[in-house]
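To start, the structure itself, in structure tokens.
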There are 2 protein chains.
Amino acid sequence: MAEAVHRLIAHDGLDAATMAAVAREAGFSVGLVQHYFKSKDELLLFAYQRITASLLERVATITARGEAAGQPIRDILLTGLKELLPLDAARRGEHRVSRAFQARAMDVPAAAAVAEATAAMITGKIAQGVENGKECGEVEPGTDAALGAVELTALTDGLADRLYREPDRSVAGRSGAEAAEAILADRLAALFPGECRHYA
Amino acid sequence: MAEAVHRLIAHDGLDAATMAAVAREAGFSVGLVQHYFKSKDELLLFAYQRITASLLERVATITARGEAAGQPIRDILLTGLKELLPLDAARRGEHRVSRAFQARAMDVPAAAAVAEATAAMITGKIAQGVENGKECGEVEPGTDAALGAVELTALTDGLADRLYREPDRSVAGRSGAEAAEAILADRLAALFPGECRHYA
DNA sequence: GGAATAACCATACGGCGGTATGGCTACGAG
DNA sequence: CTCGTAGCCATACCGCCGTATGGTTATTCC
């Protein structure tokens, strides 16, 4: 059902996610949807939680793979952040859903809590990466991890918005996607100027 | 009327901006609203345009003042970008309205056009500032103005979101607002490392 | 086996939102 | 003067949406 919600929002916006539409899309009756969710709010909140959870999980898998391969933290973070950009149809849909819920979060406290928790999760992971970078030598000791993490998440968020809005607008010769990646890579390089001692 | 729409959205979200509510808030009858706007879409689009226009105008005024005072471009841009952050109640309301419409822009092409034009305006102004900075010596000649402008707008956007979401979350000892300003100032300082020749 | 609980459905209901309709005043142009 | 147009209003209409209701079929547990 949550997937039906996802599909509907990704395709026609939040307003298209009506009870009847969700039931139809999922192949169930309206009554069944009601059987599992007391109210529409509950359904939407559940769907939101599921979607963000699956996003976070996907990123976690990717970063875990990077760690296992012994990549520099800088590269792992870049891959993880790039995953958050709407670079293909699936992620464009995801971005649309995510933004729809973030807008909704401005009116619905429960949704705001999910949004906040998700954001905290991401910045937390990044800050952890920076701290780890200090220990292994990729990051200068004096670097403020929390501040850097906030900057990176904000930057990624903003780039994602722009990429969604104008996927084909090129910047300085580069495609939009390339420009976004270049900007992220540049900032990460600035934040992680060193090499990890373990592979020196 | 557009102001009524603004107030309603800022206070209770986009869904609260119904024809009846707008009429009531503006002190008119529903019929009058219909008299001026053929449809609700038209009303909302008009309100969106007005709101973004007034925002851009406000920023233009501020930057013009900075120019008149002979401030370095770096400082002018910082002031301008800070104006885009939801740092007080009024701007929090504005941000809410703006985000509501941006979400709507994902479904309504006309709204998307407004959003795109606004974004283009802002990045354009910043890119212009960077170019000017090259001429006056604040910016290194090799700097890519377009890329820097995209980065700054994306960063500001993301910081605005975060600031709205968690206005009281402090970062590394700083308040959220201070952290956002510090991040912006830092990036601007990196992009505009030099001093303007005219005041050397 | 049978009762209780869960899965599942069709449909009715009440409300509300956007739009349509018809009418009333005022006023400036011809 | 009067006619047309703009400003303005109350209300009716219709459709849609969330939810409530009452029921039927499975499943599970004593």
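Hydrogens, waters and symmetry mates are skipped; everything else that's a heavy atom, side chains included, is used. Reminder, nothing fancy here: chain letters follow the sequence lines and each chain counts from 1.
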Atom [atom1] of [X] and atom [atom2] of [N]: how far apart are they, to the nearest Å?
X     : N      : atom1 : atom2 : answer
B:D41 : C:dG17 : CG    : C1'   : 13 Å
B:K38 : C:dA20 : NZ    : C1'   : 15 Å
B:L43 : C:dG18 : CG    : P     : 10 Å
A:L32 : C:dT11 : CG    : P     : 17 Å
B:E42 : C:dG18 : CD    : C1'   : 14 Å
A:Q34 : C:dC9  : CD    : C1'   : 11 Å
B:L8  : C:dG17 : CG    : C1'   : 14 Å
A:M19 : C:dG15 : CE    : P     : 19 Å

I'd like the 5' and 3' limits of the part of DNA chain D contacted by chain A, with heavy-atom contacts below 4.0 Å. D:dC17 to D:dA20
Got a salt bridge between B:D161 and B:R99, using NZ or NE/NH1/NH2 to carboxylate O under 4.0 Å? yes
If the threshold is 4.0 Å, N to carboxylate O, is there a salt bridge linking B:R50 and B:E57? no
My understanding is that only one of A:Q102, A:R96, A:H95 makes a side chain to side chain donor-acceptor pair (under 3.5 Å) with A:S98; could you say which? A:Q102
Would you say C:dC8 has OP1 or OP2 under 4.0 Å from some side-chain N or O of A:Y36? yes
Tell me whether the OP1 or OP2 atom of C:dC16 has a side-chain N or O from B:T18 closer than 4.0 Å. no
Assign each of B:G31 and B:K40 to its nearest nucleotide of DNA chain C by heavy atoms, then name whichever residue's nucleotide is nearer the 5' end. B:K40
Who else is in the cluster with B:M106 when I, L, V, M, F, W and Y are joined by side-chain contacts under 4.5 Å? A:Y164
Between B:G27 and A:A20, which has a closest nucleotide on DNA chain D that is more 5'? B:G27
With sequence neighbours excluded, tell me which residues meet side-chain contact (heavy atoms from CB on, under 4.5 Å) with A:D168. none
Gap separating the CD1 atom of B:I126 from the CD atom of B:E151, nearest 0.5 angstrom: 10.5 Å
With distance as the sole test, does B:E178 use its side chain to make a donor-acceptor pair with the main-chain N or O of B:S175 at under 3.5 Å? yes
